[in-house]
Amino acid sequence: MCGIVGVTGGRPAAPLIMEGLKRLEYRGYDSAGLAVVTDGVLDIEKAAGKLAVLEKRVASLNGTGRVGLGHTRWATHGAPTTENAHPHANADATLAVVHNGIIENATSLREWLSERGCEFRSETDTEVLAHLISELYTDSLEEAVIAALRRVEGTYGLGVISSREPETLVAARSGSPLMIALGDGEHFVTSDAAAVVEHTRSVVYLDDGEVAVLTPDAYHIVDLDTTRVHKSVSVVDWDLDTIERGGHPHFMIKEILEQPDAITNTMRGRLLEDEGSARLGGIDMTDDQLLAIERIVLTACGTSWHAALIGEYMLEDLARIPTEVEYASEFRYRTPLVDNRTLVVGISQSGETADTLAALREAKKRGARTLGIVNSVGSTIAREVDSGTYIHAGPEIGVASTKAFTCQVVSLALLTLRLARLRSMSVLQGREVVLALQRLPDQVREVLGRAEQIEKLAETYALAQNALFLGRGYNFPVALEGALKLKEISYIHAEGYPAAEMKHGPIALIDEMMPVIFVAPNDGVYQKIVSNVQEVRARHGKVFAVVTEGDDEITRLADQTVEIPKTIDSLTPVLSVLPLQLLAYYVAVRRGCDVDQPRNLAKSVTVE
Ligand code: AGP
């Protein structure tokens with residue numbers, strides 16, 4: 001997630017901004033920059049990479065300027081380069097903008113500005129904002145920003161400064177968190193209290209559609225109709241450590257609870273309602289090339305491999321394309337049968353997993369087209385595949401992957417929709433999938449609202465030595481994922497199986513000491529799994545089941561259940577995994593485990 005820090009006051013701005021940006025490093029970023037107005041001149045320094053690179057360049061500034069803006073960028077559109085780093089300036093470098101969010105009508109604004117002679121140096125939507133505000137500037141930065149924002153569609157948290165008004169800082173928010181902080185003879189703007197809490201704990205949280213105008217000794221807030229808005233001052237009472245996790249005790253629970261927004265970002269601008277299809281800009285393959293695909297191989301590791309399994313069901317079920325899933329570590333050393341009619345898809349949150357990268361290189365060597373489904377923009381896998389799609393989950397700090405998994409599944413649903421509508425799926429079927437996708441964020445929010453119920457369950461499971469996760473069809477991979485979550489953060493031995501496989505061996509494990517977690521939504525194989533639950537109950541196994549709202553059959557058989565809303569079969573994993581993520585989290589917390597940094601694990605396995 002990008003970070004914003006700005007200040008106008010009596011002290012040199014550059015050091016304050018650099019300190020603030022360092023407080024935001026935990027959020028993940030790949031480039032950074034700052035702008036300061038000194039003696040009526042706007043200086044901008046930017047750098048790809050870590051803040052240490054920027055720090056060297058900032059040292060060359062004559063750091064006396066007292067109004068400035070800084071930004072750490074987590075690339076979403078445009079690679080993580082110095083040119084794309086923020087702040088972005090207008091043509092004569094008299095105005096600078098930093099921005100979090102996505103300007104959805106950036107292309108049309110860019111065209112309008114180009115017709116008026118603007119030339120662009122970067123690929124970003126933020127630079128469009130800088131030129132637009134500049135184009136509309138007459139004698140008030142506040143008025144120019146408001147006039148520009150009235151033309152903007154999309155989300156923003158932004159800061160603007162200008163050498164023409166060397167004490168003024170204008171900030172605005174719509175859909176991306178932003179606050180102002182009230183210091184002694186100085187005012188700050190930031191996307192995260194962590195950046196300023198050592199200077200002041202008095203903050204004013206901006207709401208969507210509000211514009212704040214700051215000077216060293218005063219501030220006011222207006223809406224886009226320039227009507228004054230009066231807001232209360234809040235006091236940040238978190239310690240710095242807690243702030244970085246948004247008030248949550250761990251990154252993992254923060255990221256679990258972020259999933260409604262993360263999934264929304266995965267789908268933003270990609271659903272084609274009328275056509276009942278999806279638009280994936282990063283897949284630069286023509287319809288004919290997509291139609292020429294005869295087979296798909298999905299390759300990944302760990303949680304991403306579980307997402308791949310769900311993708312296999314989707315692609316064969318809905319797009320009718322023969323699909324197989326390969327552990328990347330196995331694929332890379334086999335003699336895989338792939339050629340130019342095979343699409344090999346690498347799924348990776350980090351985009352740096354050595355086995356997945358090697359598998360994709362092997363596939364390319366054998367003539368296959370490669371595609372990446374990646375979270376980290378500009379990562380090695382993202383740069384090496386022939387084309388790809390970013391899942392836009394935002395930085396995932398917790399080692400146990402949660403929001404990346406659900407965003408991967410949604411991304412696979414979008415890819416499936418794109419391919420299926422080129423083949424046998426009708427527009428009506430496609431619209432049904434689009435509608436189900438549009439409902440997902442609220443349904444995810446509804447399930448997460450049951451966290452307390454699951455936390456109570458954790459008391460029982462925290463004492464378990466083993467656990468069995470069972471599911472069928474689309475929810476068999478969810479059983480695997482639930483087992484992985486539990487084992488990797490609570491160190492309880494847990495296994496996932498196709499529910500029907502139990503009678504081929506694992507049923508020998510069932511007794512009153514063996515918790516069995518069924519992933520059993522009311523989908524196409526529901527009746528089959530009912531009999532599996534009965535088999536476990538007959539052997540005194542303890543059953544916790546994830547069921548669809550209104551379920552009665554399994555609810556009657558199980559010891560505990562948690563309900564999820566009804567959706568189409570292919571999307572049930574996005575909902576059925578949530579109780580398992582929460583169960584693993586609360587069990588690990590009860591067992592006093594290091595939830596965000598489990599023993600022996602790394603967030604990205606960049607070695608074999
Ligand atoms: C997930 O909880 C694990 N931390 C791990 O299995 C992870 O999914 C795997 O290492 C793959 O990582 P990637 O998605 O970054 O490639």
Side-chain angles (χ1 to χ4, degrees), residues 28 74 250-256 259 262 266 298-311 325-332 344-361 370-385 388-412 469 477-492 494-496 573 577-578 580-585 587-588 593-608:
W74 203 80
H250 301 101
F251 281 110
M252 184 177 175
I253 189 65
K254 171 176 176 281
E255 287 151 9
I256 288 173
Q259 290 180 101
T266 302
L298 304 173
T299 186
C301 304
T303 285
S304 301
W305 185 80
H306 297 151
L309 284 175
I310 296 167
V325 175
E326 293 270 3
Y327 275 118
S329 54
E330 290 297 308
F331 182 85
R332 66 183 291 191
V344 176
V345 181
I347 303 173
S348 175
Q349 187 287 128
S350 62
E352 301 298 346
T353 300
D355 285 325
T356 309
L357 178 59
L360 287 162
R361 285 172 175 167
T370 56
L371 185 144
I373 294 181
V374 175
N375 193 31
S376 301
V377 176
S379 55
T380 307
I381 289 176
R383 281 182 285 109
E384 291 202 8
V385 289
T389 181
Y390 286 122
I391 68 171
H392 296 314
E396 187 176 69
I397 313 293
V399 165
S401 189
T402 50
K403 63 176 182 174
F405 173 74
T406 48
C407 292
Q408 285 168 347
V409 173
V410 170
S411 299
L412 284 160
F469 288 74
V478 178
L480 297 178
E481 175 60 11
L484 176 62
K485 287 283 105 35
L486 186 66
K487 77 178 85 167
E488 69 174 331
I489 64 172
S490 73
Y491 316 142
I492 293 173
E495 291 187 75
V577 76
L578 302 171
L580 309 187
Q581 294 173 343
L582 289 165
L583 181 68
Y585 170 75
V587 166
C593 298
D594 183 345
V595 171
D596 285 331
Q597 300 284 346
R599 66 186 182 198
N600 313 334
L601 285 176
K603 182 57 188 169
S604 177
V605 182
T606 55
V607 294
E608 274 205 56

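Remember, predicted model here, so these are calculated numbers, not experimental data. By convention here, the first residue in the shown sequence is residue 1. All values below come from the heavy atoms of this structure, side chains included, with hydrogens, waters and symmetry mates left out. Remember, it's 1-based here, ligands and their atoms both numbered in the order they're listed.
Checking side-chain atoms of Asn375 against main-chain N and O of Pro395 turns up no donor-acceptor pair under 3.5 Å. At least one donor-acceptor pair under 3.5 Å links the side chain of Lys487 to the backbone N or O of Ala494. No side-chain donor-acceptor contact under 3.5 Å links Thr380 to the backbone of Glu352. Gln349 places no side-chain N or O within donor-acceptor distance of the main-chain N or O of Ser304, the cut-off being under 3.5 Å. Looking at Thr266, its side chain never comes within 3.5 Å of a backbone N or O of Ala393 through a donor-acceptor pair. Remark: the backbone N or O of Ile391 is not paired with any side-chain donor or acceptor of Gln408 at under 3.5 angstrom.
With a 4.5 Å cut-off on side-chain heavy atoms, Cys301 and Thr356 count as touching.
Under a 4.0 Å criterion applied to the non-hydrogen atoms of Ser401, ligand 1 contributes the atoms 1 (C), 2 (O). Proximity to Val399 (heavy-atom distance under 4.0 Å) selects the following atoms of ligand 1: 2 (O), 4 (N). Residue contact check: Ala400 has heavy atoms under 4.0 Å from atoms 2 (O) of ligand 1.
If you check which protein heavy atom lies closest to atom 6 (O) of ligand 1, you get Gly302 CA, 3.2 Å. Ranking protein heavy atoms by distance to atom 8 (O) of ligand 1, first place goes to Thr303 N, 3.1 Å. Given atom 15 (O) of ligand 1, the protein heavy atom at minimum distance is Ser350 OG, 2.7 Å. Counting only heavy atoms of the protein, atom 2 (O) of ligand 1 lies nearest to Glu488 OE2, 2.5 Å. In terms of protein heavy-atom proximity, atom 10 (O) of ligand 1 is closest to Val605 CG2, 4.0 Å. Here the heavy atom of the protein found nearest to atom 9 (C) of ligand 1 is Cys301 O, 3.8 Å. Scanning the protein for heavy atoms near atom 13 (P) of ligand 1, the closest one is Thr353 OG1, 3.3 Å.
If you look at Lys485 next to ligand 1, the close heavy atoms, those under 4.0 Å, all belong to the side chain.
From Leu360, atom CG reaches atom CG of Asp355 across 11.0 Å, with rounding to the nearest 0.5 Å.
Here's the thing with Ser304: one of its N/O atoms is less than 3.5 angstrom from an N/O atom of ligand 1. Looking at Thr356 next to ligand 1, no N or O pair under 3.5 Å apart turns up. Considering backbone and side-chain atoms alike, Leu484 places every N or O at 3.5 Å or more from each N or O of ligand 1.
Ring pair Tyr327/Trp305 is parallel by interplanar angle, where below 30° counts as parallel and above 60° as perpendicular.
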